[in-house]
Structures are given as C-alpha cells and as structure tokens.
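Report on the structure given below.
Both counts, for ligands and for their atoms, begin at 1 and track the order of listing.
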Amino acid sequence: MIISKFGGTSVADAAAIVRTAEIVRGRLARRPIVVVSALAGVTNALLGIARQASEGHFISAVSSVQELRERHLAEVDALLQHSSERDDVTSEISVIFDELASLCEALSVLGFITARSLDAIAGMGERASSMLVAAAFRARGIDAVHVDARKVMITDASFGAAEPQTESIAVAARAIVAPLVQDGKVPVMGGYIGASTDGITTTLGRGGSDYSASLIGAALQAESIEIWTDVDGMLTADPRVVPGARPIEQIRFDEASELASFGAKVLHPATIAPAVRLGIPVWIYNSRNPGGHGTRITFDAPRRSVTAIAAKRDTTILRVATGRMLFQPGFLRRVFELFDEHSVSVDVVATSEVSVSVTVDDTAPLDVLLGALRQVGDVSVERRRAIISVVGSGIADGASAMGAVLRALGHRRIHMLSLSASAINLTILLDDADVPDAMRALHAALFEDVTP
Ligand code: ADP
Ligand code: ASP
Ligand code: MG
C-alpha cells in the first residue's frame, strides 16, 4: 500500500478536490491510504477565530465561524450535487461548526485560551476536510471510507506539538486502517490531528499533515509515501523567493531533512524520520501537474556538491562570553544545560575560544533563560537575523562550493558561519532583510552559472 497526502491547496475547493480524486483513482491498484490537510487557509482562520473569541470579540469570531461554515457547505453543494449523501455530510460538517461556535462563546466569557482548547479548534479544519473529501470520492465512484484520525494518531498530551506514540499508532493503524485496505477500500483521514491516550484532541504542530502521512506509512510499512502539494517537488530553493528555482529529481534523506528543518516549508521537518527508519521512499508531487516527475527522497539518491538552499527567517542570535581568556571547564555544558532546562531549542552553534554563539527562534521565550545565562557569562542578543542553509553531500569536499557561497554573498554582513558535523549543511547567519536578495545571488552562483 501507499500513503497519498494532499496539502491544503490540493483540497482548497471543489475543483482541487476533483483533481485529487482523479489522482487517487489512478493509484487504486497500489492501494492508497489518503491523508488530507484542511482546506487552504482554514487552519489560519481557525486560529484567528480562537484568538478573537478569547480576546472577547465574540461577534466577529462568530461571523468568521459563519464564513468558514459557508465555505465548507458551498464545497459540499458543489461536490455532492447529485449524491444521496449531501444532506448527511451537510449536517456532519455543520456539527463541527456548531461545536466551534459554542467553544467561541465559552472562550469569550473566559477571556483566555488553553493550549488544549486551541488544539480542539485547530483540528476542526482536518476533521471537516477529511469528511468532505471522503464523500466527494464516493460521489465519484471511489470506495472511500472516512477514518477519524484521532482513533489512530495516538500522541502524548503536549498540545500544539504533540509527540506521536509510535507503538500505539501501529496497533491502531493495523486494527482500523489496514483491514479497510484489505477490503479494497480507500481510507481517508485528516492529517495534523491526533488524540492523547485519554481521547483529547491534539495536533502535531503547524504543517504536521506531512508528519501524519509518514507516521501512518511507517506504522503500516507502506511501499511509498507521497506528499502532494502545489509545486513540482522539492526545488533548489523556495520558488516564492527565487523564481528560477528548479525541481530536484532525487534527494537523499539526510539532505531533505536538513532542508526541511532549515526552512524548506514543502516538507514538515519531522516527516523524514519515520520513513528513514524503514527505508520507505518519500515522493513530493504537484497535484496541479500530476504527470510531472516529482522528487524522490531515498537513501540512494546521488551525492551532489550542493543540492539546494533554504532560509529560516525570524531568528535570534545569543552570544555568551566568559570573562576569561579560555573557557572554564564545564562552561559549555552549563550553557547548554540552561537551554535544556528552559526548553529553548537551538538551531546553529559556533564557538570561539572565549564565547559561544547559538541561534534560536524569535518566538522562543527568552526572558528567564537570559537571566540564567547572565549568571555564567556576558550575554548579548541580536534580533532580526536569518539562517541561510546551503545543503549538499559534497559541500565540504574541496573549496569550490564554499568559495562560491562566500563570493556570492559579497558585501553582505555575515554574523555566524557553521558547518554541520555531518558536513552536509553550511549555515550562514545574515541580517533578515538581506535574505531575499542573498538567496537569489546564491542560487544564481550555485545553480544558474553555466560558464564552464
Ligand atoms: P501544503 O499545503 O501542500 O502542505 P505548503 O505550503 O506547506 O504546502 O508547502 C509548499 C510550499 O513550500 C511551496 O508552495 C513553496 O512556496 C514552499 N517551499 C519552500 N521551500 C521550498 C523548496 N525548497 N522546494 C519546494 N517548495 C518550497
Ligand atoms: N492544516 C495544518 C496547518 O495548516 C496542517 C498542514 O497543513 O499540514 O498547519
Ligand atoms: Mg505543508
């Protein structure tokens, strides 16, 4: 069997859902399990509604709920026009939005929101889209069965970024999903959402539907995992920033994983790990161009000097210096213990003889951590930085790739430079404002320079 995951733009409206149905129809012989995201933009809208309600703006929250309800019901009408299921699906989807409206009422009275209620709301997009897509498939003659992802995707209770419990997921997937496939049916489930062991709705973090797909793929030892999106695969750079970015036909797991972690939004950073464990190839395809080659992510993709570049915006650099000439024994250990104690995750690290520089997300809660770091050294904070990653298996072989990178960056100010231990990721910290321009210059030098 295979896992086919369709992102928000691939289920954005009736026309997109019809394209998706045709893609799935063409794969029936390979026994697909379908994972879908919320309709494009819906998760953002839901989070906005939750915020409005909890800030006491009940009327505007309810009118946004109404807009979302109407958008979904319009797609039900368009897709299920001639189907006997139209009324049933209309009421199933209405139930979700009724639940949302009453949650909004409660939140606006309370005046605050917990991570748990936020997940209950954020997950409604996938609950609705998966019901809609399953019914639309049936209306087109595909024997689809809706599966409530919360029965399968078992997680811990870390709301907002729940940790999947792989053993429980495997047991549930074998009990609930596999038998459907064996009966020749197409299971359709929402990505991104799960439930804690006591049945409370959780989410896997933004963009988490890719992760859901690979977790189900690993649980059922699928033959391949397909991520269907709105671009022709993984490209040499984000096409929104670098218009000349080109599709990559094959890429190694470790390189794809670095790119995802350092800003290539086309793949959720956690997607690769479950597939790597079992060597399941991951494909990225364009649902608007289903005949395209796509990108194949595997162990055996060829090594290249440079494969792609990515940028992670909204980064802060923290520098901690000891007052002495040399690190005291235990200095680095103490610094990293503090990050650990305060649950702040670090992206890039560089050290000199007397100081250590690390990068963290702009959104990381720093106040308490900074106080603690000041006990061990002098601390400085630099905001509005960005990480540019140049990823390739041969980035460190010889000087040519690194030389080209540094030349392309020209006069731009470099705040930090680090080569990953696996030597496949060269990370460079720049001013955030320099990113679009620097990405285009790097791309031109690394991928578009055709002079011999
Ligand atoms: P989906 O809703 O299908 O999950 P996303 O918006 O999460 O889609 O991811 C697809 C987007 O990722 C593309 O439209 C593209 O702008 C962006 N992107 C960033 N970096 C890359 C890259 N290296 N290759 C392809 N797409 C990228
Ligand atoms: N709908 C969720 C989000 O927007 C998950 C996903 O699309 O992967 O983050
Ligand atoms: Mg995505």
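Ring orientation note: the planes of W228 and F6 are close to parallel, at an angle under 30° on the 30°/60° scale. Under the 30°/60° scheme for interplanar angles, the aromatic rings of Y211 and H268 are found to lie parallel.
Contact of the L118 side chain with the F159 side chain is not registered, since no non-hydrogen atoms from C-beta on lie closer than 4.5 Å. With a 4.5 Å cut-off on side-chain heavy atoms, Q165 and S196 do not count as touching.
Side-chain contact check for T202 and T155: at least one donor-acceptor pair (N or O, by modelled atom type) lies under 3.5 Å. Side-chain contact of D119 with T203: a donor-acceptor pair under 3.5 Å is present, judged by distance alone. Residues R206 and T43 have side chains that never bring a donor and an acceptor to within less than 3.5 angstrom of each other.
We find that R383 and D432 are not joined by a salt bridge, their nearest charged nitrogen and carboxylate oxygen being 4.0 Å or further apart. Salt bridge annotation for R19-E22: absent, with no cationic side-chain nitrogen under 4.0 angstrom from a carboxylate oxygen. We find that D431 and R385 are joined by a salt bridge, their nearest charged nitrogen and carboxylate oxygen being less than 4.0 Å apart.
For the pair G233 and ligand 1, a heavy-atom separation below 4.0 Å is found. Within the structure, ligand 1 lacks G207 among the residues with a heavy atom less than 4.0 angstrom away. Within the structure, the closest approach of R246 to ligand 1 does not fall below 4.0 Å when heavy atoms are considered. Distances from ligand 2 to the non-hydrogen atoms of G125 include no value under 4.0 Å. Using a 4.0 Å heavy-atom cutoff, G208 is listed among the residues neighbouring ligand 2.
Nearest protein heavy-atom contact of atom 7 (O) of ligand 2 is S37 OG, 3.2 Å. Remark: minimum distance from atom 8 (O) of ligand 1 to any protein heavy atom is reached at T229 OG1, 3.2 Å. At the top of the distance list for atom 13 (C) of ligand 1, counting protein heavy atoms only, stands D230 OD1, 3.5 Å. Of all protein heavy atoms, the one closest to atom 26 (N) of ligand 1 is V266 CB, 3.4 Å. Remark: minimum distance from atom 5 (P) of ligand 1 to any protein heavy atom is reached at K265 NZ, 3.8 Å.
The shortest N/O to N/O separation between D210 and ligand 1 does not fall below 3.5 Å. By the 3.5 Å distance cut-off applied to N or O atoms, E126 is counted among the residues near ligand 2. Here's the thing with L235: one of its N/O atoms is less than 3.5 angstrom from an N/O atom of ligand 1. Residue-to-ligand polar distances keep G205 apart from ligand 2: every N/O pair is separated by 3.5 Å or more. At a 3.5 angstrom cut-off on N or O pairs, S209 counts as close to ligand 2. An N or O contact shorter than 3.5 Å links G8 to ligand 1 by distance. Between D238 and ligand 1, a contact under 3.5 Å exists for at least one N or O pair.
Going from atom CD1 of I297 over to atom CE of M234 covers 5.5 Å, rounded to the nearest 0.5 Å. Remark: L417 CG to S357 OG distance equals 11.5 Å, nearest 0.5 Å. Rounding to the nearest 0.5 Å gives a distance of 11.5 Å between CE of M153 and CG of D148. The CD1 atom of I284 lies 8.0 Å from the CD1 atom of I251; values are rounded to the nearest 0.5 Å.
For A237, every heavy-atom contact with ligand 1 shorter than 4.0 Å involves the backbone, none the side chain.
Of all atoms in ligand 2, listed by their number and element, those nearer than 4.0 Å to a heavy atom of R206 are 3 (C), 4 (O), 9 (O). When each atom of ligand 1 is checked for a heavy atom of K5 under 4.0 Å away, the hits are 4 (O). Near R240, meaning under 4.0 Å from one of its heavy atoms, ligand 1 places the atoms 11 (C), 13 (C), 14 (O), 16 (O). Shown in contact with M234 at under 4.0 Å from a heavy atom are these atoms of ligand 1, numbered in order with element: 24 (N). Atoms of ligand 2 lying under 4.0 Å from at least one heavy atom of T43, given by number and element, are 1 (N), 2 (C), 3 (C), 4 (O).
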